[in-house]
Amino acid sequence: MRDVVQTLYDATAIGDTDKVRSLLTDDFQLKGAPSLPYGGIYTGQNCLAEVFANVMAFWDAPTLQVDGITVGDGYAFGIVRLGVTSRRTGKHFDLEIAERFRFRGDKIDQIMPYYFDSHAVWADAQTE
């Protein structure tokens, strides 16, 4: 599972959508917190491209660092730091996120990201 998650991060970083799709179940879901401006439930093997487009409509100049991946009992967690700049305010954020990957067999069937401080993102989205 650790290798699959790392492969997903690597394939996403270089835009290898075919590789990304090969790691996901047909009925894959990404569940983002509804308090985020790009939150919601996204489904299907192609939905990560939609999620990425929604996230990048809000943020500029993203950087991602994977701090660790841990696995056990059908789940993996990726601990990441996302550096972004708000397109609305120009404010820079260093977001710490734990991403939960749920597996069915050897494929990912769900990702749920947990932000350490989602309120900061929500507050920035409310700025006029």
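What you see is a predicted model, and the numbers here were worked out from it, not measured in a lab.
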Original post:
Should F28 and L30 count as side-chain neighbours, where that means a heavy-atom distance under 4.5 Å?
Top reply: yes
OG of S86 to CH2 of W59, rounded to nearest 0.5 Å, is 5.5 Å
One should read off an interatomic distance between I97 CD1 and F116 CZ, to the nearest 0.5 angstrom, of 12.5 Å
Nearest heavy-atom contact between G90 and T85 is O-CG2, 3.4 Å
Contacts satisfying salt bridge (Lys or Arg N to Asp or Glu O under 4.0 Å) that involve residues 22-41 (not counting sequence neighbours) are D27-R104
Check your understanding: Does a side-chain heavy-atom distance below 4.5 Å link I108 with T25?
Key -> no
Closest non-hydrogen contact found for K19 with T7 is CE-CG2, 3.6 Å
Check: Does any non-hydrogen side-chain atom of V51 lie less than 4.5 Å from one of Y38?
Finding: no
One should read off an interatomic distance between F77 CZ and T70 OG1, to the nearest 0.5 angstrom, of 9.0 Å
Grouping ILVMFWY residues whenever side-chain heavy atoms fall under 4.5 Å, the cluster of Y114 otherwise contains M112
So salt bridge (Lys or Arg N to Asp or Glu O under 4.0 Å) across residues 91-100, not counting sequence neighbours, yields none
Salt bridge (Lys or Arg N to Asp or Glu O under 4.0 Å) pairs touching residues 39-67, sequence neighbours excluded, are D60-R87, D67-R81
- Compare all side-chain heavy atoms of I69 with those of I79 and state whether any distance is below 4.5 angstrom. no
Rounded to the nearest 0.5 angstrom, the CE-CD distance for M1 and Q6 is 14.5 Å
On a heavy-atom basis, the closest approach of K107 and L24 is CD-O, 3.6 Å
If we only count heavy atoms from C-beta on, is the F101 to D109 side-chain gap below 4.5 Å?
no
Determine whether L8 and I111 make a side-chain contact, defined as any pair of heavy atoms from C-beta on separated by less than 4.5 Å. yes
Taking the side chain as every heavy atom from C-beta outward, state whether D73 and F103 have any pair of such atoms under 4.5 Å apart. no
By side-chain hydrogen bond (donor to acceptor under 3.5 Å, both in side chains), D106 pairs with (sequence neighbours left out) none
Value for CG (D10) from CG (D16), rounded to nearest 0.5 Å, stands at 10.5 Å
Residue set satisfying side chain to side chain contact (heavy atoms under 4.5 Å, CB included) with T43, at least two apart, ordered chain then number -> Q29, I41
Q) Tell me, do Y9 and V5 make a side-chain contact under 4.5 Å, heavy atoms counted? A) yes
Original post:
Distance-only, no hydrogens or angles: does the H92 side chain make a donor-acceptor pair with backbone N or O of G83 under 3.5 Å?
Top reply: no
So CG of L82 and OH of Y115: to nearest 0.5 Å the spacing works out to 6.5 Å
